[in-house]
Chemist: 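Dumping the structure here so I can ask a few things about it.
The chains referred to below are lettered A, B, ... by the order of the sequence lines, with proteins before strands, and numbering in each begins at 1.
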Amino acid sequence: MNIIVCVKQVLDPEIPPAKFKIDPETKQVIAPSGVPPVISVYDERAVEAACRLKDKHKGKITVISIGSEKASDVIKHAISMGADDGFVLNDAAFENLDSFGTAYVLGKAIQKIGGYDLILCGRQAADWGAGQVGSILAEILGIPVVTLACDIEAVDQNVRVKRIVNDGYEVVEAPMPSLVTVSSEIGLPRLPAGMRLMIARKKQIPVWKAQDIGAEASQLDKGNAHTEITSLTVPTRKTECEIVTGDTLSDAAVNLVSKLAKLI
Amino acid sequence: MDNHKGVLVCGEIAEGQLAPITIELLGVGRKLADELGEELSILLMGSKSGGLGQEAIAYGADNVYIAEESILDAYNSDAYTQAAANLCKKIVPSIMLFGHTDIGCDLSPRLNGRLGGGLAMECMELSIDPATKLLVSTRPVFGGNAHATMVSKSARPQMATMRAKTVPPAERNDARQGKVIPVEDKLDASAIKVRVVERIKEEVEGVKLEDAEVVVAGGRGMGTAQNFGMLRELAHVLGGAVGGTRVACDEGWAPATLQIGQSGKVVSPKLYIAVGLSGAMAHIAGCLGSKCIVAINKDKEANIFNVAHFGIVGDWKEVLPAMTAKFKELKAG
Ligand SMILES: Cc1cc2nc3c(=O)[nH]c(=O)nc-3n(C[C@H](O)[C@H](O)[C@H](O)COP(=O)(O)OP(=O)(O)OC[C@H]3O[C@@H](n4cnc5c(N)ncnc54)[C@H](O)[C@@H]3O)c2cc1C
Ligand SMILES: Nc1ncnc2c1ncn2[C@@H]1O[C@H](COP(=O)(O)O)[C@@H](O)[C@H]1O
């Protein structure tokens, strides 16, 4: 089974809100110093899903990422989990792409790699979180798409996906090749260890430019973008929090309950 | 020339009626259409949609498109995408609105990919820019740490999914006039590749999370599944429901259907008790509508204290048992 996983490198979404700063002029986030970027959470789960399929059916996992040259770190992370190969898609023309531009570039790279049974994406990127690249990519490639997977099985020539819905889940089947977007409910990603870390460290990650994948300048032209960000703000909230105390914490708890009793 | 005109709502039917989110969308859709001086249409799918035409008109639609094929009775991604794309090709809407629901989240990005539009998901606000007449969509980004506004200068349709309960429902007026238009083209069955094998409802004991007046939520700080059970005890005493952060659900302390936040459930109880959770914006997005938020966390810098009304700084292990006991006493007495 040949699987391609699309992974994005993002600002660590777990930085405390107090450290979150933006530049409203450039409409960009200012990364706090000393906080290294990470693999987007759901994309790491997509790598995990791919590894589980490989454990069962053998095959090959290829990981691709559009980003800076540092994006090789997230490719290496995926390789340390069990992926075989990876490519960084880096070009000045790939900076700040909208969802269509991103899907277009991923599609071009995927066509170059070829021979896939399954493409996995995260349900949404942990930064801008547009939540649509996977579906657009599937439409561009003309293959079926199943979103929000919490379990993926390959049954003959079909992919059988358990997907999350509001009040439970549903099981759907689609013929391969197809694209599946992965949700966190698939479970925790494996921790890279031992030999795999060594392999990842030594691996050379090729960088592909626009011309390497045959991406056309007109498709990447910001003037043709489907969506444009017009402003970025940090919402302000001011709730006065009354800290309830007492001689001991259990006294504090009792005092708190007296205050809450009125409410319910 | 731009021949895209009008606002199209993608309707949803729940228990044979227009879903609440659909009535909300008709409300915003009507406003947007009036500002543009254009028409508001709605697409209703499935064999139950036939009887809902007048209903949709009363809530503000000028045109109701009814696609009654039985294959559209339950959501199928391929079938719905095809039906919606066919209608869009025919009526070329300028704006298309969806609920940020199971259906809207799956359908809108696919349709966007097929039609080449511009989509903003999970919007909290939609308006028309008076100068450019473009749809301006406001949505959370960076897990809710920031809000972005977006426009589509030339791509059409301009699409958005809207969070539930961010706008009031449309007002009903039975005197309103409109057209009910059956969709006649049949779907191409050969293009339906995805098949739904089964749907499984996960029954949760006790009060439903979304309806609960009291929600007790726990996070990573609970430490173990057994500790998490103590939250259930408090919820039980208060006749409320339990929920968890993504971390708690990942750990398996609570089922995935009880995750609260941006990628989980949105709740707005009278009382929200947050225990051992830091209050990441992506979590807070799911409980900000609560009347009163109470935080129990041993880290006084935790973000949850920035949105809570009452808090105790300390180890829940010492706070929670005393709270549960005191509430029990009050309820008994
Ligand atoms: C796109 C996106 C979507 C997301 N969607 C969601 C979502 O829907 N829901 C969600 O919850 N998260 C979501 N997240 C994840 C979110 O960013 C946080 O990772 C998560 O909410 C943190 O969970 P937590 O508060 O349980 O854990 P932590 O942040 O680790 O907090 C644990 C807290 O427990 C406290 N604590 C520890 N021990 C004790 C003790 N003994 N007594 C008292 N306090 C104690 C600590 O001080 C700490 O504040 C999303 C993230 C992204 C990027
Ligand atoms: N720059 C990127 N490089 C590789 N994959 C990406 C990139 N951006 C988005 N994706 C994939 O598309 C998914 C959805 O992203 P989005 O629609 O931006 O929320 C992500 O979870 C990734 O799998």
Chemist: Let me confirm one number: the OG-CZ distance from Ser77(B) to Arg163(A), rounded to the nearest 0.5 Å.
Modeler: 7.0 Å
Chemist: Find the one option among Lys270(B), Glu301(B), Met281(B) whose heavy-atom pairs under 4.5 Å with chain A are most numerous.
Modeler: Met281(B)
Chemist: Keeping His309(B) on the side-chain end and Glu240(A) on the backbone end, is there a donor-acceptor pair under 3.5 Å?
Modeler: no
Chemist: Looking only at heavy atoms, what is the nearest atom pair of Ser184(A) and Asp250(B), with distance?
Modeler: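 Taking every non-hydrogen atom into account, O-OD1, 3.7 Å.
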Chemist: Among Ser154(B), Pro140(B), Ala148(B), single out the residue with the greatest number of heavy-atom pairs under 4.5 Å to chain A.
Modeler: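 The candidate making the most pairs under 4.5 Å is Ala148(B).
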Chemist: Test Asn166(A) against Thr101(B) for side-chain contact (heavy atoms from CB on, under 4.5 Å), laying out the working first.
Modeler: CA-CA 8 Å; Asn166(A) 181 46; Thr101(B) 56; over 6 Å; no
Chemist: Find out whether Glu185(A) and Gln259(B) are in side-chain contact, i.e. whether some heavy atom of one side chain is under 4.5 Å from a heavy atom of the other.
Modeler: yes
Chemist: Is Glu210(B) in contact with chain A via its backbone, its side chain, both, or neither, using a 4.5 Å heavy-atom distance?
Modeler: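 Contact with chain A is through the side chain of Glu210(B) alone.
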Chemist: Give, as side chain, backbone, both or neither, the part of Ser263(B) having an atom under 4.5 angstrom from any heavy atom of chain A.
Modeler: both
Chemist: Below 4.5 Å, heavy-atom pairs only: which of Thr81(B), Asn145(B), Val141(B) has the largest tally toward chain A?
Modeler: Asn145(B)
Chemist: Please classify the contact of Leu256(A) with chain B as side chain, backbone, both or neither, using a heavy-atom distance under 4.5 Å.
Modeler: side chain
Chemist: Please classify the contact between Glu198(B) and chain A as side chain, backbone, both or neither, with a heavy-atom cut-off of under 4.5 Å.
Modeler: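 Both parts, heavy atoms under 4.5 Å.
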Chemist: I need the Gln132(A) CD to Leu111(B) CG distance, nearest 0.5 Å.
Modeler: 11.5 Å
Chemist: So which part of Arg156(B) gets closer than 4.5 Å to some heavy atom of chain A, the side chain, the backbone, both or neither?
Modeler: neither
Chemist: Is it the backbone or the side chain of Phe20(A) that comes under 4.5 Å from a heavy atom of chain B, or both, or neither?
Modeler: side chain
Chemist: Which atoms of Ala126(A) come close to chain B, meaning under 4.5 Å heavy atom to heavy atom: side chain ones, backbone ones, both, or neither?
Modeler: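 For Ala126(A), the backbone is the part near chain B, not the side chain.
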Chemist: Could you tell me which portion of Cys292(B) (side chain, backbone, both or neither) has an atom closer than 4.5 angstrom to a non-hydrogen atom of chain A?
Modeler: side chain
Chemist: Using non-hydrogen atoms only, which part of Leu209(B) is less than 4.5 Å away from chain A: side chain, backbone, both, or neither?
Modeler: neither
Chemist: Please round to the nearest 0.5 Å and tell me the distance separating atom CG of Asn255(A) and atom CZ of Phe310(B).
Modeler: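 So the gap between those two atoms works out to 11.5 Å.
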Chemist: Step by step, would you call Ile243(A) with Phe305(B) a side-chain contact (heavy atoms from CB on, under 4.5 Å)?
Modeler: CA-CA 9 Å; Ile243(A) 299 292; Phe305(B) 291 116; 3.9 Å; yes
Chemist: Side chains of Asn112(B) and Phe100(A), heavy atoms from C-beta outward: is any pair under 4.5 Å?
Modeler: yes
Chemist: Nearest heavy-atom pair of Pro109(B) and Gly131(A): which atoms, and what distance?
Modeler: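 Here Pro109(B) and Gly131(A) meet closest at CG-O, 4.0 Å.
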Chemist: I'd like to know whether Val172(A) forms a side-chain contact (heavy atoms from CB on, under 4.5 Å) with Val197(B), so could you lay out the CA-CA distance, the side-chain angles of the two residues, the decisive distance to 0.1 Å, and finally the verdict.
Modeler: CA-CA 5 Å; Val172(A) 302; Val197(B) 183; 5.7 Å; no
Chemist: Considering only heavy atoms and a distance below 4.5 Å, find which of Gly314(B), Ala256(B), Ala282(B), Ala308(B) pairs most often with chain A.
Modeler: Ala308(B)
Chemist: Tell me, side chain or backbone of Val214(B) under 4.5 Å from chain A's heavy atoms, or both, or neither?
Modeler: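 The side chain, not the backbone.
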Chemist: Counting only non-hydrogen atoms closer than 4.5 Å, does Tyr42(A) touch chain B with its backbone (N, CA, C, O), its side chain (CB onward), both, or neither?
Modeler: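 Interface part for Tyr42(A): side chain.
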Chemist: Please check if the side chain of His226(A) supplies one atom and the backbone of Ala155(B) the other of a donor-acceptor pair under 3.5 Å.
Modeler: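 Not at all, since once roles are kept as given, no pair shorter than 3.5 Å links the two residues.
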Chemist: What part of Lys259(A) gets closer than 4.5 Å to chain B, counting heavy atoms only: side chain, backbone, both or neither?
Modeler: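 Just the side chain, heavy atoms under 4.5 Å.
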Chemist: If you measure from CD on Glu139(A) to CZ on Arg110(B), what distance do you get to the nearest 0.5 Å?
Modeler: 5.0 Å
Chemist: Can you confirm whether Leu119(B) sits close enough to Thr227(A) that some side-chain heavy atom of one is under 4.5 Å from a side-chain heavy atom of the other?
Modeler: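 Answer no - side chains too far apart.
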Chemist: Can you tell if the side chain of Ile312(B) reaches within under 4.5 Å of the side chain of Leu249(A), non-hydrogen atoms only?
Modeler: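 Side-chain contact under 4.5 Å: yes.
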Chemist: Taking all heavy atoms of Arg139(B) and all of Gly129(A), pick out the closest pair and write down the distance.
Modeler: NH2-O, 2.6 Å
Chemist: Heavy-atom pairs under 4.5 Å with chain B are the metric here; pick the option from Thr233(A), Val234(A), Leu188(A) that has the most.
Modeler: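 With the most close heavy-atom pairs to chain B, the winner is Thr233(A).
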Chemist: Quick one, Tyr169(A) and Thr257(B) - any side-chain contact, counting heavy atoms below 4.5 Å?
Modeler: no
Chemist: Under a 4.5 Å cut-off applied to non-hydrogen side-chain atoms, are Leu263(A) and Lys291(B) in contact?
Modeler: no
Chemist: Below 4.5 Å from any heavy atom of chain A, which atoms of Ile293(B) appear? Answer side chain, backbone, both or neither.
Modeler: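 Neither; nothing under 4.5 Å.
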Chemist: With side-chain hydrogen bond (donor to acceptor under 3.5 Å, both in side chains) as the criterion, how do Thr230(A) and Thr149(B) come out once you've worked through the C-alpha distance, each side chain's angles and the decisive distance to 0.1 Å?
Modeler: CA-CA 5 Å; Thr230(A) 47; Thr149(B) 58; 2.7 Å; yes
Chemist: If I measure from the heavy atoms of chain A, does Lys201(B) come under 4.5 Å with its side chain, its backbone, both, or neither?
Modeler: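 Its backbone and side chain both get close to chain A.
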Chemist: Give the minimum heavy-atom separation between Ala174(A) and Val194(B), together with the two atoms involved.
Modeler: CB-CG2, 4.0 Å
Chemist: Using the rule given for side-chain contact (heavy atoms from CB on, under 4.5 Å), can you reason through Val254(A) versus Glu329(B), listing the C-alpha separation, both sets of side-chain angles and the distance that settles it, and then say yes or no?
Modeler: CA-CA 11 Å; Val254(A) 170; Glu329(B) 196 184 300; over 6 Å; no
Chemist: Relative to chain A, which of Cys105(B), Ala295(B), Gly116(B) shows the most heavy atom pairs under 4.5 Å?
Modeler: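 Of the candidates given, the most pairs with chain A belong to Gly116(B).
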Chemist: Within the structure provided, determine whether Ile200(B) and Glu170(A) are in side-chain contact (heavy-atom separation under 4.5 Å).
Modeler: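 Not in contact.
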Chemist: Answer with side chain, backbone, both or neither: which region of Val29(A) has an atom nearer than 4.5 Å to a non-hydrogen atom of chain B?
Modeler: side chain
Chemist: If you compare all heavy atoms of Leu232(A) against all heavy atoms of Ala146(B), which two are closest, and at what distance to 0.1 Å?
Modeler: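 Result for this residue pair: CD1-CB, 3.9 Å.
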Chemist: Taking side chain as C-beta onward, heavy atoms only, is Leu260(A) less than 4.5 Å from Val294(B)?
Modeler: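 Yes. Closest side-chain heavy atoms under 4.5 Å.
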Chemist: If I measure from the heavy atoms of chain B, does Pro17(A) come under 4.5 Å with its side chain, its backbone, both, or neither?
Modeler: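 Both backbone and side chain of Pro17(A) come within 4.5 Å of chain B.
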Chemist: Does a salt bridge link Lys208(B) with Asp167(A), judged by any charged N lying under 4.0 Å from a carboxylate O?
Modeler: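 Answer for the salt bridge query: no.
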Chemist: When heavy-atom pairs shorter than 4.5 Å are enumerated against chain A, which of Pro255(B), Ala322(B), Ser137(B) gives the highest number?
Modeler: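 Option with the greatest count: Ala322(B).
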Chemist: Looking at CG of Asn306(B) and SG of Cys241(A), how far apart are the two atoms once the value is rounded to the nearest 0.5 Å?
Modeler: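 The CG atom of Asn306(B) sits 8.5 Å away from the SG atom of Cys241(A).
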Chemist: Measure the spacing between CZ of Arg246(B) and OG of Ser183(A) and express it to the nearest 0.5 Å.
Modeler: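 Here the rounded value is 8.5 Å.
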Chemist: Within the supplied structure, the quantity of interest is the number of heavy atoms (other residues, nucleotides, ligands) at a distance under 6.0 Å from Glu125(B) CD; does it exceed 12?
Modeler: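 Not buried by this count: 12 neighbours or fewer within 6.0 Å.
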